[in-house]
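Here the structure is laid out as structure tokens; the discussion comes afterwards.
In this text, all values refer to a predicted model and were calculated from it rather than measured experimentally.
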Amino acid sequence: MLKPLNERVIVQVKEEQEETTASGLVLPTAAKEKPQIGEVIAVSDATDDFTPQVKKGDHVLFEKYAGSEVTFEGEDYLIMKEKDIVAVID
């Protein structure tokens, strides 16, 4: 199990599906920008200076180049600072 430290969260990025344009061109996911939506998998513990604003299971929007990519037990994750999360999606 991955456990984030120091005001960080672990996010599993939501993969986007291939998209077809109006003219019928298929745009593979590799041709698009890095997805910016993910699900929070884990949050670091609260401290005297830090109270988490997100929780496990939240779907979030984060900055384009936030975090470090990590593969753990065959799954890809981003470990990022909570401040790089810009919104929680309801």
Quiz item: Under 4.5 Å between any side-chain heavy atoms of L78 and E69, yes or no?
Solution: yes
Quiz item: Which value, rounded to the nearest 0.5 Å, describes the distance between I37 atom CD1 and I89 atom CD1?
Solution: 4.0 Å
Quiz item: What closest approach, in Å, do P4 and S44 show between heavy atoms, and which atom pair accounts for it?
Solution: O-CB, 3.3 Å
Practice problem: Please say whether more than 12 non-hydrogen atoms of neighbouring residues, nucleotides or ligands are located less than 6.0 Å from CD in Q53. | Solution: no
Exercise. State, to 0.1 Å, how close D49 and E7 come at their nearest heavy-atom pair, and which atoms those are.
Key: O-OE2, 4.4 Å
Quiz item: Out of curiosity, does V43 fall in the hydrophobic cluster containing F62 (side-chain heavy atoms, cut-off under 4.5 Å, transitive links)?
Solution: yes
Quiz item: So, do D76 and V13 sit near enough that their side-chain heavy atoms are less than 4.5 Å apart?
Solution: no
Quiz item: Which distance, rounded to the nearest 0.5 Å, do you find between the CD1 of I79 and the CZ of R8?
Solution: 8.5 Å
Practice problem: Locate the shortest heavy-atom distance separating M1 from F72; write the atom from each residue and the value. | Solution: N-CZ, 3.4 Å
Exercise. Output all residues satisfying side chain to side chain donor-acceptor pair (under 3.5 Å) with E39, sequence neighbours left out; order by chain, then residue number.
Key: K14
Quiz prompt | Spacing of CD1 belonging to I85 relative to CD belonging to E63, to within rounding of 0.5 Å | solution = 10.0 Å
Quiz item: Could you state the interatomic distance from CD (Q12) to OH (Y77), rounded to the nearest 0.5 Å?
Solution: 5.0 Å
Self-check item: Nearest heavy-atom neighbours spanning A66 and D84
Solution: CB-CB, 3.7 Å
Quiz item: When rounded to the nearest 0.5 angstrom, what distance separates CD1 in I10 from NZ in K56?
Solution: 10.5 Å
Quiz item: What pair of heavy atoms forms the shortest contact from E82 to T51, and how long is it?
Solution: OE1-O, 4.3 Å
Exercise. Just do the side chain to side chain contact (heavy atoms under 4.5 Å, CB included) check on V54 and V9 with the steps written out, would you?
Key: CA-CA 9 Å; V54 297; V9 299; 3.9 Å; yes
